[in-house]
Amino acid sequence: MSSMKKLINSPESVVSDALAGLAAAHPGLTVDVERRIVRRAAHASTAGKVALVSGGGSGHEPLHAGFVGPGMLDAACAGEVFTSPVPDQMLAAAQAVDAGAGVLFLVKNYTGDVLNFQMAAELLEDEGIESRSVLINDDVAVEDSLYTAGRRGTGATLFAEKIAGALAERGADLAAVAGVAERVNATSRSFGIALGPCTTPAAGQPSFQLGEDEIEVGIGIHGEPGRRRAPMAPAAELAGLAVEAVCADLDFTGDAIALVNGMGASPLLELYVVYNEVQAALKSRGVSIVRNLVGNYVTSLDMPGFSVTLCRADADLVDLWDAPVNTPALRWGA
Amino acid sequence: MSSMKKLINSPESVVSDALAGLAAAHPGLTVDVERRIVRRAAHASTAGKVALVSGGGSGHEPLHAGFVGPGMLDAACAGEVFTSPVPDQMLAAAQAVDAGAGVLFLVKNYTGDVLNFQMAAELLEDEGIESRSVLINDDVAVEDSLYTAGRRGTGATLFAEKIAGALAERGADLAAVAGVAERVNATSRSFGIALGPCTTPAAGQPSFQLGEDEIEVGIGIHGEPGRRRAPMAPAAELAGLAVEAVCADLDFTGDAIALVNGMGASPLLELYVVYNEVQAALKSRGVSIVRNLVGNYVTSLDMPGFSVTLCRADADLVDLWDAPVNTPALRWGA
Amino acid sequence: MSDAHAGDAAGLEVGFFLDWIERTASAVAAEKERLTSLDAAIGDGDHGTNLDRGFTAARAALEAKPPEFPGAALVQVGTTLISSVGGASGPLYGTVFRRTGKALGEAESVSARELADAIAAGLAGVQKLGGASVGDKTMVDVFVPALDALLAGLADGASVDGAFGAAADVAESAARSTIPLRARKGRASYLGERSEGHEDPGAASAALLWRALAESVGGRAR
Amino acid sequence: MSDAHAGDAAGLEVGFFLDWIERTASAVAAEKERLTSLDAAIGDGDHGTNLDRGFTAARAALEAKPPEFPGAALVQVGTTLISSVGGASGPLYGTVFRRTGKALGEAESVSARELADAIAAGLAGVQKLGGASVGDKTMVDVFVPALDALLAGLADGASVDGAFGAAADVAESAARSTIPLRARKGRASYLGERSEGHEDPGAASAALLWRALAESVGGRAR
Ligand SMILES: Nc1ncnc2c1ncn2[C@@H]1O[C@H](COP(=O)(O)OP(=O)(O)O)[C@@H](O)[C@H]1O
Ligand SMILES: Nc1ncnc2c1ncn2[C@@H]1O[C@H](COP(=O)(O)OP(=O)(O)O)[C@@H](O)[C@H]1O
Ligand SMILES: [Mg+2]
Ligand SMILES: [Mg+2]
Ligand SMILES: [Mg+2]
Ligand SMILES: [Mg+2]
């Protein structure tokens, strides 16, 4: 469950303070603490490469700043906790990292993110820099209908950032990089379950109240309640629920890349228990996990719970997945 | 704070289930789920290399199993949650990974771990396999006197596993590998602060109760209360407390490797806030962090809080720190 | 003076607009926690903090660089909101003010009717940007009926004070009317039927804005 | 029969030891939560679970491979505890039983006095392994006075039942006497003065073991 006690100096300074810490910890990053822009350190040679820029509210760490570095993002913009950053940030970030091949904005589908990135893209156009935006909307807990803001972007964001980042690194052009990000999004689905709320520093109150034996099913990553409340159940059942929801929406028969993601406060021990159940449930459906991540990657502050994200894995995508990456939170082959 | 709701199937099966998940997630590991031994996959060539074996109670993930792989541990033994594994496991693990150059046991200084590893070492001697044990006891919160079981082993365990692992990989002999582990331990110190308790699956109750504005100062990694209770304070103050405690015990003036470790339920956003304060506090004391880790590495289930570990960093140690490592939780250069 | 009529020649000058923003900023600051807790119930609990940050920045921007005419003031407010709020409400409220300000052009003094028409332009901008219609449980649910009431009041030849006051009354009741609705836009739409039974935070903040406007009009008259 | 004396020729055979382990296992299972919560207060909250796992395994091991003589039974129990408990209490209790069993050798029947002497050997093993003395707030705080009471009772020529019963009484009060102490061994020592005011979990479990022993002796007599 969530705590009012936080390792912060003040709710107002938490994002800046964390960015200052990020800067101090990672010499491979250049952090503009005031404007809240994180990008690869200046020396990284990216001439002629499509630049990948993402960003969003803070509180989802390591997303996005933890994925800035060779093989992944060129820059990330950090908003206030759970609040989309502003167009000025995205514009400045894009201008800073554009290397002449244009900018791909990877945008999680929330009204705030969409509108702010949209404004940034317009401003960028005025500056004569080409950009494309790809919306990530993988969360099957939200009905994608005229009656909602559409599906939320969650775990697939990491997949898109990694895979499009790898293709950009190989010198593909903006259309191709945007294309592969779209393909990742189109073939990815997520579903999350919370065992409790989270508490933002500003609110100082849990985002919702749950009984000792209740869980929220179909949660997002902003402490919002889920689609329904359900009684607590063993990990096997919860993993089954998530797998069922994801697979009911898209046929994953065959190979898949899987993320079993912790929402922030669930111990890694438990996430491995969940992974075990997820892979078993998938196996019985003819889905075989060929690559995986287990851990806290797209979090919701101190929320206990997990989400499952699957992406159909063809040989191309797996090859891009395996390409070297060197960021604070994801690193291999380098 | 800690929750009674857990992503498990049952308290009895949590460790086995998590190990099964670990096995499924990491093809680079060979996991004996029944005997609870995790080792590098058979194909890894380690002939003639000193074998590093560690282990301890579960609930501290990624420690230790998450650090098994090239450049670090050869095997890890998992006990029940917060309970040292048994000698049979350590013996079997050592026998499985001994490559003719002897076995180094890296043991956190808790009565249970010490006694069980001691028995394992005796049994191993009967089998004609040479071993050395290095005790890790870096936690300055515990007085190291005749009146205690001695200092606990916490964050320095990771440092010792990484650095001794790198030296073993380079072909050093048992005495040298044990020597560097001892050196790391002798020049490392830790201190931890909890904002709340943790809950073991078996107990189903928080390990202690704290008021809304109280924290535990000088905690270990088993949900035990700290040396004292204190009022909640801003991150700068808490980081200052930890830095003060660590530096009062050993002079770190000069270069240091630093771990700002999350206890399990504190968001990464907050850990970076703490890192920022830790590095500032150290800088003003003439300590310069040359390598760092920020994240959940040596955890205490779902405890909110952090610990700071420093290790004096001479050129040798930094070189070994930088050597390639490829484990589930720590990976670079590979 | 105390009975200024719709056709009144006495126009609204830049000071009036500064007063409106000042009152809005104070109201948002005062109601910050309520807005945030409304947002916590069906969103992500940041609406009060967001707007407070934005209007604090707007107030500071207006002080740092005092605008010369009404349109400039509102454009500056809108731009500042866009640059400082983020989230959904930043671009949306930012657009309301920018478009309203642009519609006022460079006039030094504007009539109540001109202001109402400019707000209509602002509202159109928001609806184009966010795609929300009345009944979607957003700030639009407040803007549309409040603006209608204002236009109607001004057309009826009611007092300017009365027209803006009536618009604010309508805004407040329109905000409450969002309670039973199911959200179809923004974050609250994720909750589906669970969004019913809660007042929309953006509707609540829009009502504050309309009340502040009415108060500025009333204050001007005194 | 009901008044078996210390000098009694009627020895303790393997069935007696199986009964003792059975009673200990039941007592540990029944008191599991209490032991765990004592451990939660000044340790890590696993002592009850640890011992329950161990004695459940010991019971199963004895059933799977019934021992032929008393010493074999206790060695088997000790070995099983070492292999299944972990933590501090696994090696420590394992050593008590192994050393006690080894001291009994291959005798088919042992006298009360021989058992007491063997327990002394087990206790010496634990003290060597763990380095604890009386007053350190550990299981040793129970074993030492209980064994003293047993030896004294047997030496006094009291009834065997009475001697073991008195030892169990002493064990229970010795466990309670750990409450005010400051721990100097094991995990509780980390707490320094905060360990005062709590009963040591290992002392509490040791008292269960002594009570079970007295009951087995009493049961045998019936
Ligand atoms: N598409 C939209 N059109 C108009 N208003 C909207 C739209 N989406 C959201 N809103 C308004 O924005 C408010 C939420 O603002 P805020 O909490 O600041 O942003 P966020 O939802 O990004 O956290 C909602 O209560 C609603 O009134
Ligand atoms: N050095 C020691 N000598 C004797 N008994 C000890 C020693 N250290 C710990 N103990 C006993 O072990 C008990 C704790 O056992 P347990 O909780 O099962 O192990 P752990 O402390 O490893 O979690 C303590 O209550 C104490 O009685
Ligand atoms: Mg928001
Ligand atoms: Mg233990
Ligand atoms: Mg909001
Ligand atoms: Mg214990």
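Since we're looking at a predicted model, the values are computed, not measured. Letters go in sequence order (proteins before strands), and every chain restarts at 1.
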> Check whether B:Phe82 gets within reach of chain D through its side chain, its backbone, both or neither, counting any heavy atom under 4.5 Å.
both
> Most heavy-atom pairs under 4.5 angstrom with chain D, which of B:Gly218, B:Pro225, B:Gly223, B:Gly57?
B:Pro225
> Look at D:Ala40, D:Gly131, D:Gly130, D:Gly186 and state which one has the largest set of heavy-atom pairs under 4.5 Å with chain B.
D:Gly186
> How long is the straight-line distance from CG of D:Leu129 back to CG of B:Leu115, given to the nearest 0.5 Å?
4.5 Å
> Tell me, side chain or backbone of B:Pro85 under 4.5 Å from chain D's heavy atoms, or both, or neither?
backbone
> Does any backbone or side-chain atom of D:Ala183 lie under 4.5 Å from a heavy atom of chain B? Answer side chain, backbone, both or neither.
backbone
> Under 4.5 Å from any heavy atom of chain D, what part of B:Val142 do you find: side chain, backbone, both or neither?
side chain
> Taking all atoms of both residues into account, what is the closest heavy-atom pair of B:Ala203 and D:Gly45, and its distance?
CB-O, 4.5 Å
> In terms of heavy-atom proximity below 4.5 Å to chain B, should D:Ala41 be classed as side chain, backbone, both, or neither?
backbone
> Would you list the atom pairs in which one atom of chain D and one of chain B form a donor-acceptor pair under 3.5 Å?
{"from": "D:Asp46", "atom 1": "OD2", "to": "B:Thr83", "atom 2": "OG1", "distance (Å)": "2.6"}
{"from": "D:Asn50", "atom 1": "OD1", "to": "B:Thr83", "atom 2": "OG1", "distance (Å)": "3.2"}
{"from": "D:Ser83", "atom 1": "OG", "to": "B:Asp88", "atom 2": "OD1", "distance (Å)": "3.2"}
{"from": "D:Ser83", "atom 1": "OG", "to": "B:Asp88", "atom 2": "OD2", "distance (Å)": "2.9"}
{"from": "D:Gly87", "atom 1": "N", "to": "B:Ser84", "atom 2": "O", "distance (Å)": "3.2"}
{"from": "D:Gly87", "atom 1": "O", "to": "B:Asn116", "atom 2": "ND2", "distance (Å)": "2.8"}
{"from": "D:Arg187", "atom 1": "NH1", "to": "B:His222", "atom 2": "ND1", "distance (Å)": "3.2"}
{"from": "D:Ser189", "atom 1": "OG", "to": "B:Ala149", "atom 2": "N", "distance (Å)": "2.8"}
{"from": "D:Tyr190", "atom 1": "OH", "to": "B:Asn109", "atom 2": "O", "distance (Å)": "3.4"}
{"from": "D:Arg194", "atom 1": "NH1", "to": "B:Glu216", "atom 2": "OE1", "distance (Å)": "2.8"}
{"from": "D:Arg194", "atom 1": "NH1", "to": "B:Gly226", "atom 2": "O", "distance (Å)": "2.9"}
{"from": "D:Arg194", "atom 1": "NH2", "to": "B:Glu216", "atom 2": "OE2", "distance (Å)": "3.0"}

> Quick one: salt bridge (Lys or Arg N to Asp or Glu O under 4.0 Å) partners of D:Arg211, sequence neighbours excluded?
D:Asp169, D:Glu172
> Using non-hydrogen atoms only, which part of B:Val81 is less than 4.5 Å away from chain D: side chain, backbone, both, or neither?
backbone
